[in-house]
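Below is one structure, written out as structure tokens, with a few remarks after it.
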Amino acid sequence: MAKGQEITITLPDGAQRAYTAGVTGMEIAESISKSLAKAVIAARVNGEICDLSLPIEQDSAVALIKREDEAALEMIRHDAAHVMAEAVQKLFPGTQVTIGPSIENGFYYDFARNEPFSSEDLAVIEKEMRKVVERGAPFTREVWNRDEAIKYFTDKGEMYKAELIKDLPESEEIKIYRQGEWLDLCRGPHMPTTRHVGTAFKLLKVAGAYWRGDSNRAMLTRIYGTAWRTDKELQDYLTQLEEAEKRDHRRLGREMDLFHIQEEAQGSVFWHPKGFTIYNQMENYIRRRLKSAGYVEVKTPQLIDNKLWQASGHWGKFRENMFVVPDEVPNTEEEGPIFKGKFERLMALKPMNCPAHVQIFKQGIKSYRDLPIRMAEFGCCHRNEAHGALHGLMRVRQMTQDDAHIFCTPEQITQESIAFCELLQKVYKDMGFDGLNVKLALRPENKAGTDEIWDKAEQGLRDALDAAGVAYEDLPGEGAFYGPKLEFHLKDAIGRTWQCGTLQLDFVLPERLDASYIGPDGNRHRPVMLHRAILGTLERFIGIMIENYAGKLPLWLAPVQCVVATITGSADSYAQDVYEMLQKAGLRAELDIRNEKINYKVREHSVAKVPAIFVVGEREGKDRTVAVRRLGSQDQSVIPVAEAIQSLAEEAKAPY
RNA sequence: GCUGCCGUAGCUCAGUGGUAGAGCGCGUCAUUGGUAAUGACGAGGUCGGGAGUUCAAUCCUCCCCGGCAGCACCA
């Protein structure tokens, strides 16, 4: 387009304005109003956020972004990362910069430095950052020649930046952003000056992170920070972090006496009576759901000969996560090795249930008329997870999945997938989760089966998701080697996401373990296997539930549903009656006739998150009533005991 | 597994180169109290484990174990 030509800019309200080609976002803002020019930080040109200084050459839709807009957050965070990098290099010369993106709630920057950063360093860096912001140097964008850029960074000793540039595609411009003295390779965009970062930021923690996410490469030092538009937003976020800490399932698990984990069984859960009550309620709920959805339930061995794991492929692909046990009599002498010589026979604790389910499928001859077979097991699996991965109930080494395998014909994949998605949605709704975070993991580089099979399989899952009305996100390359998978993620208290439910198509295992059925044509065919779990594992799901409800579980799951607490000793015998009535009504009740004041009892049971307290004193005993106090409410209502129990029992019914 | 930080009573935490303290919890006694902590007294810890430095180590150094955060891996 020729210089000086006129272009039309369409603003968000539909207004159209004429400008000379090459006009910048800032110039547009200035032409509208002075105050707008002052407040604006970036331009969204045809949907893409750009620097205000970027010339616009063609007719475009332009929206000007102000610092108070939601869209500014990402830029504030990204710019804060640059500011931090400048501060770090000023304070710690010789530190190499690598990458520093904005993330949810903040930003980080990865540095290469021999010395670690201490928490005192963080305070100093933060102080220096405030100086950089105060200085308010403009961000200016430059495009460099590739070879010169590589030479520049190499000469400076910035080997990581040089590597990044080398790996950029030839077609990509090498963009450099300057902020005063300091500059960085960056794709942008940035706000007009460092001053726009503002003051509402804070450095939070320092941790290690591998260069390019590869555990074979150098470990860098990552500094995390949070940044917001206003100090109030920052303060709210910090308060929210503190609140989240109180919802941590590991903390609540101890406070509510639900479970514990100890050194001698790292990553495995000791369920206490109260925690196991929740566990059993969940398991039984799922069991009812599965039964009515046409599943059959089985139980298979814990220890299985490695011959089966070799045949299934786990021995090759999954062995480093397996606990292997020799089928030998250990040496009982004081001296000498536990086992002598080489092992005749090795067993492994099952890390998954699938090969065992195939063994059941293979008993006898199956007809196409038998399919689909939906085989469920609350299978206890062991996986030798890395120590650093273990995390309370969320990541354990002994887990119980609400696992099932659906053996079906290729034609049945879509309908089975739809049915599963619908069942999962019902369950998550019952558990109090509204939004589903669904990901579709697509074919990895290293995969079994032809592209044709994968096309079909991936499309089958897409169809199922669409039919069930589920929104999802693609994860290219993340599928299992044996088939694509759906992942259903939930968030914990501090926003970490955990995969819970899953649906995985598998074309490989039936082949490897030689499972077959007789088709209508009288010939043998391979069934398709769908690996699927709704909760994922009971451990993780219960962990998420505890955090989601902050320990205040719905009545049907609460370990203790009601405490009968007396005001005076003279009400003991009536309290005993009420307690027995509660038990008869099938409610999980406790009786508190301790010699304590009612204030004390109410506080203690409230802190323990008991959903209902029946307070009884002399009056209630005389009138056959109870004073009902519900968790989270200061109110109390005195009602006839039979009525109170009946309504509580009604409310305590499981959702299914 | 990697990087960093941490490890004192059941829990939350203070503390010192001369082998320890608080609050809550627990036990006993008194108190019979009307909806988020009644009072008094008492018990309880070889300060994660091992080695070293030192006249002397819970404190300093090293190694190991464990926890936490992040990364990698994953339900």
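Residue numbering restarts at 1 for every chain, and letters A, B, ... go by the order of the sequence lines.
Between the CG atom of Leu490(A) and the C1' atom of A75(B) there is a distance of 12 Å, rounded to whole Å. Computed from coordinates, the Glu596(A) CD to U28(B) C1' distance equals 13 Å when rounded to whole Å. Going from atom CD of Glu264(A) over to atom C1' of G48(B) covers 12 Å, rounded to whole Å. Distance His387(A) NE2 to C64(B) C1': 13 Å, rounded to the nearest Å. The nearest whole Å value for the distance from the CD1 atom in Ile261(A) to the P atom in G66(B) is 14 Å. C13(B) atom C1' lies 13 Å from atom CZ of Arg254(A), rounded to whole Å. Nucleotide C65(B) holds its P atom 15 Å from the CG atom of Leu390(A), rounded to whole Å.
Between the side chain of Arg77(A) and the main chain of Ala227(A), a donor-acceptor pair closer than 3.5 Å is present. Side chain of Asp402(A) to main chain of Gly536(A): a donor-acceptor pair is present (N/O by atom type, distance under 3.5 Å, no hydrogens or angles).
OP1 or OP2 of A36(B) lies within a sub-4.0 Å distance of a side-chain N or O belonging to Asn599(A). An OP1 or OP2 oxygen of G66(B) is reached within less than 4.0 angstrom by a side-chain nitrogen or oxygen of Gln266(A). Between Arg222(A) and A69(B) there is no side-chain polar atom (N or O) within less than 4.0 angstrom of OP1 or OP2. Of the side-chain N and O atoms in Lys205(A), none sit less than 4.0 angstrom from OP1 or OP2 of C68(B). Taking 4.0 angstrom as the limit, Tyr224(A) places none of its side-chain polar atoms (N or O) nearer than this to OP1 or OP2 of U3(B). Contact annotation: Gln636(A) side-chain N/O to G34(B) OP1/OP2 distance is not under 4.0 Å. OP1 or OP2 of A36(B) sits under 4.0 Å from a side-chain N or O of Arg629(A). The phosphate of C68(B) (OP1 or OP2) has a side-chain N or O of Arg250(A) nearer than 4.0 angstrom. Taking only side-chain nitrogens and oxygens, Arg594(A) never comes nearer than 4.0 Å to OP1 or OP2 of U38(B). Distances shown here put a side-chain N or O of His391(A) below 4.0 Å from the OP1 or OP2 atom of A69(B).
Taking 3.5 Å as the limit, the base of C73(B) and the side chain of Arg395(A) contain a donor-acceptor pair of atoms between them. The base of G66(B) does not come close enough to the side chain of Gln262(A) for any donor and acceptor atom to sit less than 3.5 Å apart. Below the 3.5 angstrom threshold, one finds a donor paired with an acceptor across the side chain of Glu385(A) and the base of A75(B). A donor-acceptor contact under 3.5 Å is not formed by the side chain of Tyr210(A) with the base of G70(B). Taking 3.5 Å as the limit, the base of A69(B) and the side chain of Arg496(A) contain no donor-acceptor pair of atoms between them.
The aromatic rings of Phe117(A) and Phe92(A) stand perpendicular to each other, their planes meeting at an angle above 60°, with 30° marking the opposite boundary. Using cut-offs of 30° and 60° for the angle between ring planes, the His357(A) and His405(A) rings count as perpendicular.
The same atom, C1', is picked in C55(B) and in C41(B); the two are 41 Å apart, to the nearest Å. Between G15(B) and C59(B), the two C1' atoms lie 10 Å apart (nearest whole Å). Using atom C1' as the reference point in both G52(B) and A69(B), the two lie 31 Å apart (nearest Å). For G7(B) and A14(B), the P atoms lie 9 Å apart once the distance is rounded to whole Å. Here the separation of G48(B) from U8(B), taken at their C1' atoms, is 10 Å to the nearest Å. Distance check on atom P: C65(B) versus G49(B) gives 15 Å, rounded to whole Å. Taking atom P in both G10(B) and A72(B), one finds a spacing of 38 Å when rounded to whole Å.
Within the nucleic acid shown, Glu620(A) comes within 4.0 Å of at least one base atom, counting heavy atoms only.
Nearest to the side-chain atoms of Ile598(A) among the listed nucleotides A36(B), A72(B), U35(B) stands U35(B). Taking only side-chain atoms of Val615(A), from C-beta outward, the nucleotide of U35(B), G33(B), G66(B) with the closest atom is U35(B). Listed nucleotides: A37(B), G70(B), C73(B). Nearest to the side chain of Tyr600(A): A37(B).
Under the Watson-Crick or G-U wobble criterion, with both distances below 3.5 Å, A43(B) is left unpaired in every strand shown. For G70(B), the paired nucleotide is C2(B), the pair qualifying as Watson-Crick or G-U wobble because both relevant distances are below 3.5 Å. Summarising the base pairing, U12(B) is matched to A22(B) through a Watson-Crick or G-U wobble pair whose two defining distances lie under 3.5 Å. Pairing partner, G7(B): C65(B), with both Watson-Crick or wobble hydrogen-bond distances short of 3.5 Å. The partner of G52(B) is C60(B), judged by Watson-Crick or G-U wobble contacts that both fall below 3.5 Å. Look at U35(B): it lacks any Watson-Crick or wobble partner with both distances under 3.5 angstrom.
The only member of His391(A), Gln266(A), Arg395(A), Gln398(A) that meets side chain to side chain donor-acceptor pair (under 3.5 Å) when paired with Glu385(A) is Arg395(A).
Ring centroids of His272(A) and Phe259(A) are separated by 6.0 Å or more, keeping the two rings apart.
Glu245(A) CD: 12 or fewer foreign heavy atoms inside a 6.0 Å radius.
Note on Glu539(A) versus Arg383(A): no salt bridge recorded, every NZ/NE/NH1/NH2 to OD/OE distance being 4.0 Å or above.
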